[in-house]
Amino acid sequence: MIVTTTATVDGRPITEYIRIVAGETVVGINMFKDIGAGIRNIIGGRSSGYEGEINGAREQALGEMVQRAIELGADGVVGVSMDYESLGQGGMVMVTASGTAVRF
């Protein structure tokens with residue numbers, strides 16, 4: 001499965017645009033990671049706890065989008081975009097991946 005942010009794939013002409021596909025995931029950041037991030041916010045540096053959660057959520061959203069494209073018989077997904085949104089009073093993050101399922 002070819003997944004790309006571009007509208008085309010070099011050497012692979014698109015023969016059919018199937019439909020838009022998306023994958024979504026919502027993750028909660030636990031209390032201990034919040035404490036660690038708060039300390040990092042004061043002293044500076046990267047929050048590996050948050051980064052790990054966001055990376056995992058991104059991979060889940062992309063995997064869900066690809067699975068939906070496979071179910072439609074697609075060979076790839078083009079024009080992929082990612083969106084990150086904070087939900088509620090913090091601590092919850094929604095990650096969405098969307099693109100167009102195609103056949104080459």
Side-chain angles (χ1 to χ4, degrees):
M1 172 74 53
I2 296 173
V3 178
T4 181
T5 58
T6 61
T8 61
V9 176
D10 286 343
R12 304 289 303 264
I14 294 171
T15 60
E16 181 182 0
Y17 292 88
I18 300 171
R19 59 168 269 190
I20 294 172
V21 289
E24 308 84 11
T25 188
V26 176
V27 295
I29 309 301
N30 70 38
M31 173 178 73
F32 299 110
K33 289 182 182 166
D34 265 348
I35 292 169
I39 292 169
R40 289 284 182 207
N41 192 32
I42 293 168
I43 64 172
R46 295 174 65 164
S47 173
S48 61
Y50 275 179
E51 287 176 2
E53 290 291 335
I54 294 297
N55 287 338
R58 182 183 60 244
E59 292 304 315
Q60 259 187 313
L62 284 167
E64 193 173 290
M65 179 193 68
V66 166
Q67 184 57 44
R68 290 180 176 154
I70 289 169
E71 290 169 3
L72 294 170
D75 299 318
V77 183
V78 297
V80 172
S81 71
M82 303 291 305
D83 186 42
Y84 302 84
E85 190 73 37
S86 177
L87 301 176
Q89 298 298 319
M92 300 291 283
V93 177
M94 179 174 67
V95 180
T96 305
S98 62
T100 302
V102 297
R103 288 192 183 100
F104 298 112

Minimum heavy-atom separation for V77 and A69, please, with both atom names. CG2-CB, 3.6 Å

Return the CZ to OG1 distance between R19 and T100, rounded to the nearest 0.5 Å. 10.5 Å

When you look at V26 and L87, which way does the side-chain contact (heavy atoms from CB on, under 4.5 Å) test go after all the steps? CA-CA 9 Å; V26 176; L87 301 176; 3.8 Å; yes

Apply side-chain contact (heavy atoms from CB on, under 4.5 Å) to A97 and list each qualifying residue two or more places apart in sequence or on a separate chain. A61, L62, M65, M82

Give the other cluster members for I20, using side-chain heavy-atom distances under 4.5 Å between Ile, Leu, Val, Met, Phe, Trp and Tyr residues; answer none if it is isolated. none

Test of understanding: clusters of I, L, V, M, F, W, Y form through side-chain heavy atoms closer than 4.5 Å, transitively. Do M1 and V80 belong to the same one? yes

State which residues pass side chain to side chain donor-acceptor pair (under 3.5 Å) with T25; sequence neighbours excluded, sorted by chain then number. Q60

Cluster question for you: counting only ILVMFWY and a side-chain heavy-atom cut-off of under 4.5 Å, with indirect links fine, are I70 and V21 together? yes

So which heavy atom on A57 is nearest to which on V95, and how close? CB-CG2, 3.6 Å

Are any non-hydrogen side-chain atoms of V66 and V3 less than 4.5 angstrom apart? yes

For V9, what residues pass the side-chain contact (heavy atoms from CB on, under 4.5 Å) criterion, not counting sequence neighbours? I2, T4, R12, V78, F104

Once salt bridge (charged side-chain N to carboxylate O under 4.0 Å, His left out) is applied, what residue pairs with a partner in residues 71-87 remain, sequence neighbours excluded? none

Sequence neighbours left out, what pairs pass salt bridge (charged side-chain N to carboxylate O under 4.0 Å, His left out) with at least one residue falling in residues 92-104? E16-R103

Not counting sequence neighbours, which residues clear salt bridge (Lys or Arg N to Asp or Glu O under 4.0 Å) with R68? List them please. E24, E64

